[in-house]
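Following: one structure in structure tokens, then a few remarks.
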Amino acid sequence: MPFAAGLQESLQVRGNQFPTEFTRGDSLEHVLDRHLLAVEAMADVELLTSILLLSPDGKRLFHGAAPNLPQSYRDAIDGMEIGPSAGSCGTAAYFGKPVYVTDIATNPLWNEYRHLALPLGLRSCWSTPIRDAQGAVIGTFAIYHRTAGSPTTDELDAIDMITGHVAEAIMWARGRRAQLKLVSDDRSPPETESDRPDRLLTKVARLEAIAADLERYAANAGSEECAAALRAVAEDSRTLASLIRRQVGPHSGTA
């Protein structure tokens, strides 16, 4: 069975499972690890996968998931700066487009990083940006091989599929985290009472933006179960935002 065809069914199963995993308290890393293990298990040849998450300031990539990459390598690249020649992932995040390095040993993008990869037997690295529903880069997905080479058409199809499913999981987790943070802040005493409405309304606006992203992802989700889970978090986020807007409105001059 072609890699992409087999992977589609496996990722649909993951799409049905991850909302329950988050609800029971699993971390984003553990959920994404399971996505990547599903990818690696479907491949006909050995490959290693990685997800790096872009920092809020858009300057660095931090570890998201990489179930089988050596810990020493994960630690070495954690927090790497993005840039025009920052390996496969840092360059992909910088330009916002895929970077398929076929030979780490000779590609100049890896001048600062090949000493980390080659001793571990990593010879090629194909990295693709992960985007939110509005198209902004939020991380990268990478496939490492122990041989030099370029992705096949089937593998390119699979990469597109994988990044979509990973983005859904990341955005779902961010939606829930924003909800919990907003509730926590609402219950915490503010530094000054006058600061409270503006502080909450800023967070409400962010929560509403995440809800809109979740709804966009739901419209293109890989399964109805995944779509329903994304829509549920979006609806909960909008409800919470509306309640807090009504609560702070009289004090902030807003309706």
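One N or O on the side chain of Trp126 and one on the backbone of Gly149 form a donor-acceptor pair closer than 3.5 Å. Proximity of a side-chain donor or acceptor of Arg114 to a complementary backbone N or O of Ala105 within less than 3.5 Å is detected. Judged by distance alone, with hydrogens and angles left aside, the side-chain atoms of Ser237 form a donor-acceptor pair with the main-chain N or O of Val233 at under 3.5 Å. Looking only at distances, a side-chain donor or acceptor of Asp78 sits under 3.5 Å from a matching main-chain atom of His63. Judged purely by atom type and a 3.5 angstrom limit, Ser124 uses its side chain to pair as donor or acceptor with the backbone of Thr147. The backbone N or O of Pro108 sits less than 3.5 Å from a side-chain atom of Asn111, completing a donor-acceptor pair. In this structure a side-chain-to-backbone donor-acceptor pair under 3.5 Å is missing from Glu81 to Lys59. A distance-only check finds a donor-acceptor pair linking the side chain of Arg60 to the backbone of Gly79 [under 3.5 Å]. A donor-acceptor distance shorter than 3.5 angstrom exists from the side chain of Thr91 to the backbone of Ala86, with no hydrogens or angles considered.
Of all the heavy atoms in Ile170 and Leu28, the pair that sits closest is CA-CD1, 4.2 Å. Between Ala148 and Arg123, the shortest heavy-atom contact is N-CB, 3.9 Å. The shortest heavy-atom contact between Phe22 and Ala173 is CZ-CB, 3.6 Å. Contact detail for Ala43 and Leu47: the closest heavy-atom pair is CB-CD2, 3.3 Å. The shortest heavy-atom contact between Pro151 and Leu156 is CG-CD2, 3.7 Å. For Val137 against Gly96, the heavy-atom pair with the smallest separation is CG2-CA, 4.1 Å.
Using a 4.5 Å heavy-atom cutoff, the side chains of Pro129 and Pro98 are in contact. The closest side-chain heavy-atom distance from Leu53 to Thr140 is not below 4.5 Å. Under the 4.5 Å side-chain criterion, counting only non-hydrogen atoms from C-beta, Met171 is in contact with Asp132. Looking at heavy atoms from C-beta onward, Ile77 lies out of side-chain contact with Leu61 at the 4.5 angstrom threshold. Looking at Val45 and His145, their side chains come closer than 4.5 Å, going by heavy atoms from C-beta outward. Proximity of Met80 to Tyr113: side-chain heavy atoms (C-beta onward) are separated by under 4.5 Å at one or more points. You'll find the side chain of Leu37 reaches within 4.5 Å of the side chain of Asn68, heavy atoms only. The shortest distance between side-chain heavy atoms of Asn107 and Thr102 does not fall below 4.5 Å.
By the rule that hydrophobic residues join a cluster once side-chain heavy atoms approach within less than 4.5 Å of another member, Val99 and Leu52 end up as members of one cluster. Note: the hydrophobic cluster containing Phe141 does not contain Phe62 (ILVMFWY, side chain heavy atoms under 4.5 Å, direct or indirect links). There is a path of hydrophobic side-chain contacts, each under 4.5 Å, that joins Trp110 to Leu48. In the hydrophobic cluster analysis, where Ile, Leu, Val, Met, Phe, Trp and Tyr join through side-chain heavy atoms closer than 4.5 angstrom, Val31 is grouped together with Val39. Hydrophobic clustering (side-chain heavy atoms under 4.5 Å, transitive across Ile, Leu, Val, Met, Phe, Trp, Tyr) groups Leu109 together with Phe95.
Between Glu21 and Arg34, at least one side-chain N (NZ, or NE/NH1/NH2) sits under 4.0 Å from a carboxylate O, which counts as a salt bridge. By the 4.0 Å N-to-carboxylate-O rule, Arg14 lies too far from Glu168 to be salt-bridged with it. The pair Asp26-Arg24 counts as a salt bridge, with a side-chain nitrogen and a carboxylate oxygen less than 4.0 angstrom apart.
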Show, in sequence, the C-alpha distance, side-chain angles and deciding distance for Tyr73 and Tyr144, and conclude whether the ring-ring contact (aromatic ring centres under 6.0 Å, His included) test is met. CA-CA 12 Å; Tyr73 182 79; Tyr144 292 84; 5.7 Å; yes

Could you check Leu11 against Met161 for side chain to side chain contact (heavy atoms under 4.5 Å, CB included), going step by step and ending with a plain yes or no? CA-CA 8 Å; Leu11 288 175; Met161 188 190 316; 3.9 Å; yes

Salt bridge (Lys or Arg N to Asp or Glu O under 4.0 Å) between Glu208 and Arg238, worked out: CA-CA 6 Å; Glu208 289 170 336; Arg238 290 191 184 282; over 6 Å; no

Would Leu214 and Arg174 count as a side chain to side chain contact (heavy atoms under 4.5 Å, CB included) here? Give the steps. CA-CA 10 Å; Leu214 290 168; Arg174 289 186 176 181; over 6 Å; no

Start with the C-alpha distance between Asp154 and Thr152, add both sets of side-chain angles, then the distance that settles side-chain hydrogen bond (donor to acceptor under 3.5 Å, both in side chains), and finish with yes or no. CA-CA 5 Å; Asp154 189 48; Thr152 64; 5.2 Å; no

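The distance from atom OG of Ser127 to atom CD1 of Ile143, rounded to the nearest 0.5 Å, is 10.0 Å. The structure places CD1 of Ile104 at 6.0 Å from OG of Ser88, a figure rounded to the nearest 0.5 Å. Between atom CD1 of residue Ile51 and atom CG of residue Asp33 there is a gap of 8.0 Å, rounded to the nearest 0.5 Å. Atom NE2 of His115 sits about 8.0 Å away from atom CD of Glu112, to the nearest 0.5 Å. Note that the CZ atom of Phe18 and the CG atom of Leu32 stand 9.5 Å from one another [nearest 0.5 Å]. Here the straight-line distance linking atom CG of Leu120 with atom CZ of Arg146 works out to 7.5 Å at 0.5 Å rounding.
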